Amino acid sequence: MALPAPQSYSPESFRPLTFHDAVPAFLTGDDTPRAYLERCLATIADVEPQVMAFAHLNEAGAREAADASTARHRVGVPLSPIDGMPVGIKDLIETRDMPTEMGSAFYKGNRPGRDSALVQALRAAGAVIVGKTVTTELGMSHPGPTRHPFDLRRTPGGSSSGSGAVISARMLPVAIGTQVLGSVIRPASFNANWALKPTQGALNRGERQGFSQSTVGIHAGCAEDMWAVAVEIAKRVGGDPGAPGLYFTGETPPPAFKPRRLAVLETEGWPLAEPGAVAAFEKALEALREQGVAIIRRGDHPLLEALEQRVMGAMGLATDVCAYESAWSVANMMAKNPDALSESLKARFELGCSVTLPQYRMRLLQREEMRRAQAALAGEVDGFIGLPACGPAPLPGDTGGSTNRILHTTGNPIMNTASSGLGCPVVTVPRMAVGGMPLGIAITTQPHQDERATAIARWIADAVPPIML
């Protein structure tokens, strides 16, 4: 069957689905959470057969939750600012009323019968859990079926493939993703999402504690919804055990903050960035300079140069660390049903088994040196700015090759591995288009400055005009 012609994305005209601006009508009775949900379900019915962003839908459960929210709004007692918000949950995260199959044949039919911590928090805040969004196999590199809403020939990114796509397809206002290497920030850039990859441990990962670099992230159509969801999760279940959780001063996003000085963080991915992506990014930097923001590059400041040198090799670091940390769990799967695992996952398992304890310790030391180099810049710049991907969403066969036989089937994560290793917050701002496809801007700050990253991102969204190349 021939695929429809690609749509041309414009950051100026595209209007994603948003929720916060619908709430006033819920309180006056001019609209209801149930009616809002039905509009989402109608869009899902229309575009899901082609986009394939959902691993499972629970329409009956969603309608029941939306009816309960409608009743609360009718009497003026919503549980939170996100009461009635339809949300998608990445299918790595456990839900009591839906399967959690993790994009893997090994877990086909798996029903844990419990909610992860963040799902508990969302339900307690009145959110409407609509379904489970497609993930790559175990959140790693073997792809799921999801296609890019703007161009069905292209990948939507991964591993949070469905979570990124439901936003650009206007199926939902918010979806939950996760990231170990680049699984929130890269698909957010590909799909014109606002997204928060928070400080390491800022949002409770529940059962998914197995990777020292993994985080829960929020995909959304706007900064307001993104921030509100993060806050409501943190208020109810905090961060990971032993972590202080997300710091916030209010349920609404912080006001836009104009930075006085931003550092460009190129990372080892810069030589792989596509020329169009680099050209668009340089236009964004020029727009910031015209607004009076000082932009420094690696050759301008010795501490920034030191950071750039420390994050060289972040991709190899992340690959080794994650393979080592997952080897024991994959070993159990290999022993039980190796035929249910992809060749890429088996290659990752072999790599994990080959990493020795001293080598792992050296990788942790390398990561700590990265973090110390970033901390040294705390008083020098207000934040960092960079590309969240090497370019727009690629076509199959042009997704970044492989590392140690581990295929990068949903785009090369090399632009994201530095911030993942640093454990710092990143916010994507959808302000650019290259070749008619979305490309974001990444704003990074020091750990626990999630509010600042969001505030700078909000200012940039207004200060940088739409860039289309």
Side-chain angles (χ1 to χ4, degrees), residues 6-16 18 148-151 154 156-157 164 167-168 170 182 184-197 219-223 226 256-259 261-267 269-297 382-395 411-412 414-416 419 426-444 453-469:
Q7 304 174 51
S8 183
Y9 165 76
S10 165
E12 186 171 31
S13 60
F14 178 64
R15 294 292 179 267
T18 55
H148 199 294
F150 286 105
D151 185 348
R154 297 176 186 260
I167 305 301
S168 56
R170 304 186 80 251
V184 170
I185 298 305
R186 188 173 76 263
S189 177
F190 288 170
N191 288 277
N193 301 171
W194 279 85
L196 169 66
K197 193 284 289 183
H219 293 259
C222 63
M226 176 193 79
F257 170 70
K258 179 181 177 180
R261 199 180 199 196
L262 291 174
V264 174
L265 189 58
E266 294 182 354
T267 79
W270 191 253
L272 301 179
E274 298 175 16
V278 172
F281 181 65
E282 295 294 345
K283 281 184 173 291
L285 294 183
E286 185 56 36
L288 293 175
R289 291 189 189 96
E290 291 174 358
Q291 296 279 342
V293 179
I295 303 293
I296 64 170
R297 308 294 285 252
D382 294 314
F384 304 85
I385 187 169
L387 280 170
C390 294
L395 295 164
N412 195 331
I414 196 167
M415 284 291 189
N416 315 120
S419 58
V426 184
V427 175
T428 56
V429 187
R431 294 306 287 162
M432 303 190 297
V434 175
M437 294 295 292
L439 181 67
I441 299 171
I443 302 300
T444 303
T454 302
I456 293 173
R458 295 191 76 194
W459 184 83
I460 284 175
D462 291 330
V464 175
I467 296 170
M468 291 175 281
L469 293 182

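Note that this is a predicted model, so its numbers are computed, not measured. As a basis for the values below, the full set of heavy atoms in this structure was taken, side chains included, without hydrogen atoms, waters or symmetry mates. We're numbering straight along the sequence, starting at 1.
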statement: Heavy-atom nearest pair, T428 first then N193, reads OG1-O, 3.1 Å
- prompt: Can you tell if the side chain of E274 reaches within under 4.5 Å of the side chain of P392, non-hydrogen atoms only?
  reply: yes
message: I'd like to check P6 versus F150 (side-chain heavy atoms, cut-off strictly below 4.5 Å). Are they in contact?
response: no
Residue pairs involving residues 275-285 (criterion salt bridge (charged side-chain N to carboxylate O under 4.0 Å, His left out); sequence neighbours excluded): E282-R297
- request: Return the set of residues passing side-chain hydrogen bond (donor to acceptor under 3.5 Å, both in side chains) with R170 (not counting sequence neighbours), or none when no residue passes.
  value: none
- request: Show the numbers, then the answer: is there a side-chain contact (heavy atoms from CB on, under 4.5 Å) between I443 and F384?
  value: CA-CA 6 Å; I443 302 300; F384 304 85; over 6 Å; no
query: Is there a side-chain contact between Q291 and W459 (heavy atoms, below 4.5 Å)?
result: yes
message: I want to know whether F190 and Y9 have ring centres closer than 6.0 Å.
response: no
- prompt: Would you say the side chain of E12 lies within less than 4.5 Å of the side chain of M468, judging by non-hydrogen atoms?
  reply: yes
message: Just so I know, are the side chains of N191 and I167 near enough to count as touching, which here means a heavy-atom distance under 4.5 Å?
response: no
query: Can any side-chain N or O of R458 pair as donor or acceptor with the backbone N or O of T454 at less than 3.5 Å?
result: no
- prompt: Do the non-hydrogen side-chain atoms of D151 and M437 ever get within less than 4.5 Å of each other?
  reply: yes
field: Step-by-step side-chain contact (heavy atoms from CB on, under 4.5 Å) determination, T444 to L262
entry: CA-CA 10 Å; T444 303; L262 291 174; over 6 Å; no
Within-4.5 Å side-chain heavy-atom neighbours: F281 and V264: yes
- prompt: Between L285 and I385, is a side-chain contact (heavy atoms from CB on, under 4.5 Å) present by the stated rule, with each step listed?
  reply: CA-CA 9 Å; L285 294 183; I385 187 169; 4.0 Å; yes
I460 and V293, any side-chain heavy atoms less than 4.5 Å apart: no
task: Could you give me the CA-CA distance, side-chain angles and deciding distance for I414 and L272, then say whether side-chain contact (heavy atoms from CB on, under 4.5 Å) is met?
output: CA-CA 9 Å; I414 196 167; L272 301 179; 4.0 Å; yes
message: So does I441 get a backbone contact from the side chain of R431, meaning a donor-acceptor N/O pair under 3.5 Å?
response: no
- prompt: Would you say R154's side chain and A393's backbone share a donor-acceptor pair under 3.5 angstrom?
  reply: yes
field: Side-chain donor/acceptor of S419 to backbone N/O of N416, under 3.5 Å
entry: yes
